[in-house]
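Labels below follow one simple rule: chain letters A, B, ... track the order of the sequence lines, proteins then strands, and each chain is numbered from 1.
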2 protein chains.
Amino acid sequence: MVVTLKDIAKETGKSITTVSRALNDYDEVSSATKELVHRVASELGYTPNIFAQRLQKQNTDTIGLIIPTYGPRFSDPFFSELLAGVGNRAASLGYDLLVSTRAPGDYEIEAYCSMTQGRRVDGFVLVRTRRKDARVECLQKSGYPFVAFGRAEENINFPFVDEDGTYGMKTVVEHLASLGHQRIACIAPSSELMFAHYRLQGFIEGLAEVGLEADDSLILIGDLTQRSGYEQANKLLDLPSPPTAIAACNDLMAFGAISAAQERGLVVGKDISITGFDNIPMAEYSHPPLTTLHQPLYQIGGMVCEMLIHLIRGESLEREQTLLKPELIIRQSSGLLRS
Amino acid sequence: MVVTLKDIAKETGKSITTVSRALNDYDEVSSATKELVHRVASELGYTPNIFAQRLQKQNTDTIGLIIPTYGPRFSDPFFSELLAGVGNRAASLGYDLLVSTRAPGDYEIEAYCSMTQGRRVDGFVLVRTRRKDARVECLQKSGYPFVAFGRAEENINFPFVDEDGTYGMKTVVEHLASLGHQRIACIAPSSELMFAHYRLQGFIEGLAEVGLEADDSLILIGDLTQRSGYEQANKLLDLPSPPTAIAACNDLMAFGAISAAQERGLVVGKDISITGFDNIPMAEYSHPPLTTLHQPLYQIGGMVCEMLIHLIRGESLEREQTLLKPELIIRQSSGLLRS
DNA sequence: ATTGTATACCAAAACGTTTTGGGAGTCAAT
DNA sequence: ATTGACTCCCAAAACGTTTTGGTATACAAT
């Protein structure tokens, strides 16, 4: 049978109150009693019933993470690394992690509602913010604490960590321009996604800074998968005057683009330069290795998680909003323009 | 303030008992009362306190998944796809998913203990079974329901879904042999991991079936990452008489091996054949596209999750143990032996 | 008149904690 | 002797559900 405080009380001859306090290390219990209670507790193999605790304390020691999954072949290294970061930090701070996977859309908000209404979690980690983010509205309205990985449209204010995608893409464009490239294309995800918006903005500003004109026909929209990188790159390469460099807004699409170029016999890094964004582990081992921007996803996951827990505990945050500068990692997928 | 049954009772003039029963659709409540209660409940915005329910019912409607994370750059597409499968199925069956990420080792068992002892979950999904799997022992001893993705050493009996890795690697070896390869190497993870054990066994049996002798110097151990595929492939290629084909036991190591071969100027698929196992999305877009074995991870995740929930509900399983045949996907990383 | 059987309801107990509000004893200062 | 401060302890309430073990009424069958 399951051991409860009552059993320990009976065994030690103390009251339930005292047992509870002894186990929680209150000062008003003598050290002799504390010792006795602890000994008996471990003899009987006592473990507190977490739901009774939560019912009483009205908190959950659990944080929620809802992962938007795009289709059944969902397999974005982005999330596994971030998840590891959030999960490990949560565990080390004594919090459980309740994960829900939902396709973006109507049911996604439902997942938030069911977690908030049932008071299943103390707060949320929000990932991949969107331009009009119903999740942000929902959480702000309900007053649930949350920390986002990613910003939102200007005027909404909430704690976040984000990478400076604009800065990142500017450095990519500078890099490509310094290699002599003038026709630089971009494969960007829908600007609905805030990070895509910032990255694309960086691409355009970068072009301006190096004195190149943005050409709308060289900016295509992809959906973050290799497949779409492949398809959009094919469209770019079919243009009468194709680009000599393609800056993809994430590594997966860059791989798709590389694949498309190679199918046409182009040598990536020589005939054409292709860059990514994220520096997923695969980037180092692709052929050719991918020039990309490094985002420390594991650390970001940890940061976001820790900020959230501070918030839940009612502590003030050192920094409400953090913007990280991604670092350009130059590998062989980008090279001098062949003249 | 939070609305409770008591509030509804007061508002409707009924007792708490009747309100509870009305909401749970017991027959012993008149339909008029049911209607009244439901109306008032939704007017007041009632949502049950989940912890009170769980305390009373002594169950959690939550399943646990503990992901072994190898290091901070943990980023295995294997897990994101599996997680999506488990998570989506759990949600559709009304279960929450509690995820814990732990490095394999001592703390991993602790994670199981804290979930079982605190009775935080009704059961577990166990992934990547190991030869002497302390987790299996722990769960069997505690009597917690669980379903594994992967088998264990012969005599232990528990419900699982697994892919037939032995069969899979045999088909790979047959494929390579049919292309004329005679010196075929294998990069396998530690045989501590059951799936690695079966895959390696398939490799060896496969060699025997096509009349080739296994050469121990051609079997190296990796740790599932690209880096280790790269390192081990380098060792193989440095041999006085290097292999003409390398069968890696997962896709990530295959990519590492491809990278190593390409660094030496070898054309993969011509000068050397390299194969993987898993068919992660990247396999289609690598250069060259990877010959590998397809595992339907998303579906497997769903199956495992559903079996577990049946088990938790005390229903009998249609099949306790399922072995799936992986399908060989031939792409360009394997080709005819150059003579 | 009694018994049986539905139907519709309810008070109180139970789940296992933590917290509230207090009590009893000891010791020292007035 | 009284007061105050301190230490150590406890009974009971509270958290919000579900379940147990009833009751009261109405109606039909004996």
Side-chain angles (χ1 to χ4, degrees), chain A residues 1-38 40-41 44-62 94 96 114 116-122 313, chain B residues 1-38 40-41 44-62 94 96 114-122:
Chain A
M1 252 315 290
V2 172
V3 181
T4 69
L5 286 186
K6 205 197 271 186
D7 302 317
I8 303 180
K10 201 171 290 170
E11 185 71 20
T12 56
K14 303 292 176 182
S15 75
I16 293 182
T17 311
T18 301
V19 172
S20 169
R21 294 198 153 140
L23 292 173
N24 288 301
D25 210 27
Y26 278 53
D27 330 337
E28 51 200 293
V29 180
S30 71
S31 49
T33 306
K34 272 186 196 170
E35 208 171 310
L36 172 69
V37 167
H38 275 106
V40 171
L44 297 181
Y46 168 77
T47 47
N49 179 309
I50 203 154
F51 297 112
Q53 285 181 326
R54 289 178 179 175
L55 173 59
Q56 165 65 32
K57 299 221 260 189
Q58 301 288 71
N59 76 351
T60 71
D61 286 345
T62 302
D96 284 343
S114 87
T116 52
Q117 296 197 341
R119 290 167 230 96
R120 280 164 158 80
V121 297
D122 289 340
R313 292 186 174 154
Chain B
M1 252 316 289
V2 172
V3 181
T4 69
L5 287 186
K6 205 197 271 186
D7 301 317
I8 302 179
K10 200 171 292 171
E11 185 71 21
T12 56
K14 304 293 177 182
S15 74
I16 293 181
T17 310
T18 302
V19 171
S20 170
R21 296 198 149 141
L23 291 173
N24 288 301
D25 211 26
Y26 279 53
D27 338 341
E28 51 200 289
V29 179
S30 72
S31 50
T33 306
K34 272 187 197 171
E35 206 171 315
L36 172 67
V37 168
H38 275 105
V40 171
L44 298 180
Y46 169 76
T47 49
N49 179 310
I50 204 154
F51 298 111
Q53 284 181 327
R54 289 178 179 176
L55 173 60
Q56 165 65 32
K57 299 221 257 188
Q58 302 286 68
N59 76 352
T60 70
D61 287 345
T62 302
D96 283 342
S114 88
M115 279 204 193
T116 53
Q117 297 198 339
R119 292 168 228 94
R120 280 164 159 79
V121 298
D122 289 340

Phosphate-side-chain proximity, B:Gln53 and D:dT18, N/O vs OP1/OP2 below 4.0 Å: yes
Touch class at under 4.0 angstrom, heavy-atom based, for A:Thr47 against every strand present: sugar-phosphate
Of the listed nucleotides D:dT17, D:dT19, C:dT18, the one nearest the side chain of B:Tyr26: D:dT19
Minimum-distance nucleotide (side-chain atoms of A:Ser30 versus C:dC9, D:dC8, D:dG16): D:dC8
B:Gln56 vs C:dG16: side-chain N/O to OP1/OP2 distance below 4.0 Å: no
Sugar-phosphate, base or nothing in reach of A:Ser20, heavy atoms under 4.0 Å: base
B:Ser15, nearest nucleotide to its side chain (from C:dC10, D:dT18, C:dT19): C:dC10
Side-chain donor/acceptor of A:Thr17 to base of D:dA11, under 3.5 Å: yes
Which nucleotide in D:dT19, C:dT19, C:dC10 has an atom nearest any side-chain atom of B:Lys14: C:dC10
Residue closer to the 5' end of DNA chain C, A:Leu55 versus B:Arg21 (nearest nucleotide): B:Arg21
Of the listed nucleotides D:dG16, D:dC8, C:dC10, the one nearest the side chain of B:Thr18: C:dC10
Straight-line distance of B:Arg120 CZ to A:Thr62 OG1, nearest 0.5 Å: 7.0 Å
Presence of salt bridge, B:Lys34 and B:Asp25, under 4.0 angstrom: yes
Check: A:Val2 and B:Arg119 side chains under 4.5 Å, non-hydrogen atoms: yes
Non-hydrogen side-chain atoms of A:Gln58 and B:Asn49 separated by less than 4.5 Å: yes
Most 5' of B:Pro48 and A:Thr33 on DNA chain D, judged by nearest nucleotide: A:Thr33
Minimum-distance nucleotide (side-chain atoms of A:Val29 versus C:dG16, D:dC9, D:dT18): D:dC9
